[in-house]
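Keep in mind that what you see is a predicted model, and the values were worked out from it rather than measured. All chains are named by letter (A, B, ...) in the order of the sequence lines, taking the proteins before the strands, and each is independently numbered beginning at 1.
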Amino acid sequence: MDPYILELIQKKHPQIAERGLQDEIATVGKLMTFKRGDVILDYGSYVKYVPLIIEGIIKVTRENEDGNELFLYYLEAGQTCSMSFTCCMMNKKSDIRTKAEEDTTVVGIPIKYMDLFFKYQSWKNYIMRSYDERMKELVLTIDSIAFKKMDERLLEYLRKKVRVNGDPVISITHQKIAYDLNASREAVSRLLKQLEKAKRVELGRNMIILSLKEMD
DNA sequence: ACATTAATTGTGT
DNA sequence: ACACAATTAATGT
């Protein structure tokens, strides 16, 4: 049993309330760290661990048949990857890619314990709650893609990025944003220009500053 | 410090 | 969406 992991779980994942479960996780869990930019799980690979996120940000993207990537959502400290449950329960290949947006620390639970842990009530609650949160977030994302215009989607994208990074200065190229939103680079550049004229952002090379009034 | 090259952004069609 | 121009940053000499 690793007392350090125990402490991290208690501190960052209070939903996992039962002491017995905490102890088991601290026994079988593996502390894993990823550097910013590391691909944690790629399309087509098998899930070996379910990650409980301790610190950092994980970006989740989906790829279609033509190789276009689409940004889905961020995972933050205190959360876990719902996708990985279903994947590993059914021993399925991953439909998504996860990448460390910032340096990230997770406690990885080997998949064989997923079933076992269901004897704990707080594990059930934790998993269900996690699914619920993810569903809500995904529905919002679908709304955004299906019904909103690109300028709104871009603003939402920037806001999310600022929120998870805790910094109004975003360092990214227009091209990368375009990939995430499945748009053309020119469209993104032009929309950003409009936003700049409207004093809603400031632009620089590899840099976008979202004005504070744009945050909720 | 200067020239060269590469990467990023802007614009017209 | 494409082609190309303009600008800015990175690198070599």
- Task: List in numerical order all residues of residues 153-161 of chain A for which some heavy atom is under 4.0 Å away from an atom belonging to DNA chain B.
- Result: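 Residues of residues 153-161 of chain A under 4.0 Å from DNA chain B: none.
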Does a side-chain N-to-carboxylate-O contact under 4.0 Å join [X] and [Y]?
| X | Y | value |
| --- | --- | --- |
| A/Glu101 | A/Arg36 | no |
| A/Lys176 | A/Asp180 | no |
| A/Lys99 | A/Glu69 | no |
| A/Glu133 | A/Lys136 | no |
| A/Glu24 | A/Lys119 | yes |
| A/Glu7 | A/Lys11 | yes |
| A/Lys148 | A/Asp151 | no |
| A/Glu102 | A/Lys35 | no |

Could you state the atom-to-atom distance from [atom1] of [X] to [atom2] of [N] in whole Å?
| X | N | atom1 | atom2 | result |
| --- | --- | --- | --- | --- |
| A/Asn206 | B/dT9 | CG | C1' | 10 Å |
| A/Ile172 | B/dA7 | CD1 | C1' | 15 Å |
| A/His174 | B/dA7 | NE2 | C1' | 13 Å |
| A/Glu202 | B/dT9 | CD | P | 16 Å |
| A/Tyr179 | B/dT9 | OH | P | 13 Å |

- Query: Heavy atoms, side chains only, cut-off 4.5 Å: are A/Asn68 and A/Glu63 in contact?
  - Reply: no
- Item | Separation of A/Ile145 CD1 from A/Met150 CE (nearest 0.5 Å) | 9.5 Å
- Give, for atom CD1 of A/Ile40 and atom CZ of A/Phe34, the distance between the pair rounded to the nearest 0.5 Å.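 One finds 4.5 Å between CD1 of A/Ile40 and CZ of A/Phe34.
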- Note on the structure: Under a 4.0 Å heavy-atom cutoff, the residues of residues 185-198 of chain A touching DNA chain C are A/Glu186, A/Arg190
- Query: Earliest and latest nucleotide of DNA chain C, 5' to 3', sitting under 4.0 Å from a non-hydrogen atom of chain A?
  - Reply: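 Under 4.0 Å from chain A, the extent on DNA chain C is C/dA1 to C/dA9.
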